[in-house]
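Below: the structure, in structure tokens.
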Amino acid sequence: MDCLFCRIVAGEIPARKLYEDDQVIAFNDIDPKAPVHFLVIPKKHIATLHDLGEQEDKALAGHILFTAQKLAREQGCDEGFRVVMNCNELGGQTVYHIHMHVLGKRPMSWPPG
Ligand code: 5GP
Ligand code: ZN
């Protein structure tokens, strides 16, 4: 298996897990860009947002979003937080297994660089 996040799903690479169910896992980013910075990923390998299927992955995409919402609350981000999904090289994606970044507990500027 050559996908880093599939290896985290399989337990082959350790991660600081915040949440797991049959469809998703969430874990802290190894190189946090904010006091709160975790990733929510599907267990199913989907390389980029372009590969998310409108029909077959619709419920999964919603589940990722609501997992992010729930964990952001649990992490004390009621005042505000940011979610980011980078797609492909131009979008800044470095790991090709989709993931939703959740960043919080610091002021965010706009637009992102
Ligand atoms: P991307 O740039 O693809 O949107 O985000 C990939 C994220 O994965 C980066 O924020 C990076 O710090 C994080 N990351 C890369 N390798 C690992 C790892 O082995 N463990 C964890 N927890 N995060 C990782
Ligand atoms: Zn994968």
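Both counts, for ligands and for their atoms, begin at 1 and track the order of listing. Just so you know, residue 1 is the first one in the sequence shown, and it goes up from there. Computed over heavy atoms, backbone and side chain alike; hydrogens, waters and symmetry mates excluded. Fair warning: this is a prediction, and the values are worked out from it, not measured in the lab.
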Interfacing atoms of ligand 1 (cut-off 4.0 Å, heavy-atom, [X]):
{"X": "Phe5", "result": "8 (O)"}
{"X": "Gly92", "result": "1 (P), 2 (O)"}
{"X": "Asp31", "result": "12 (O)"}
{"X": "His101", "result": "1 (P), 4 (O), 5 (O), 7 (C), 10 (O)"}
{"X": "Thr94", "result": "1 (P), 2 (O), 3 (O), 5 (O), 6 (C)"}
{"X": "Gln93", "result": "3 (O)"}

Verify same cluster id: Phe5, Ile25 (apolar side-chain graph, 4.5 Å):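 Yes; Ile25 is reachable from Phe5 via cluster members.
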Tell me whether Leu39 shares a hydrophobic cluster with Ile13, the cluster being built from Ile, Leu, Val, Met, Phe, Trp, Tyr side chains joined at under 4.5 Å. yes
Closest to the Zn ion (ligand 2), among the N/O/S atoms of His97, is atom ND1
What's the atom name of the N, O or S in His45 nearest to the Zn ion (ligand 2)? ND1
Can you check which of [options] brings a heavy atom nearest to [atom]?
{"atom": "atom 14 (N) of ligand 1", "options": "Asn88, Ile30, Leu103", "answer": "Ile30"}
{"atom": "atom 4 (O) of ligand 1", "options": "Asp29, Asn86, Leu39, Ile41", "answer": "Asn86"}
{"atom": "atom 22 (N) of ligand 1", "options": "Ile8, Ile13, Asn28", "answer": "Asn28"}

If you measure every N or O of Leu4 against every N or O of ligand 1, does any of those distances drop under 3.5 Å? no
Would you say the ring centroid of His99 lies under 6.0 angstrom from that of His101? yes
Could you measure the distance from the [atom1] atom of [X] to the [atom2] atom of [Y]? Nearest 0.5 Å is fine.
{"X": "Gln69", "Y": "Cys77", "atom1": "CD", "atom2": "SG", "answer": "12.0 Å"}
{"X": "Leu49", "Y": "Asn86", "atom1": "CG", "atom2": "CG", "answer": "9.0 Å"}
{"X": "Phe27", "Y": "Ile8", "atom1": "CZ", "atom2": "CD1", "answer": "4.0 Å"}

Is it the case that over 12 heavy atoms from other parts of the model lie below 6.0 angstrom from the CD atom of Glu56? yes
With backbone taken as N, CA, C and O and side chain as the heavy atoms from C-beta onward, which portion of His99 lies under 4.0 Å from ligand 1: side chain, backbone, both, or neither? side chain
Spell out, as yes or no, whether a donor-acceptor pair under 3.5 Å connects the side chain of Gln93 to the backbone of Asn88.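 Yes, Gln93 side chain to Asn88 backbone: donor-acceptor pair under 3.5 Å.
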Got Gln23 and Pro42 here, is their nearest side-chain heavy-atom distance under 4.5 Å? no
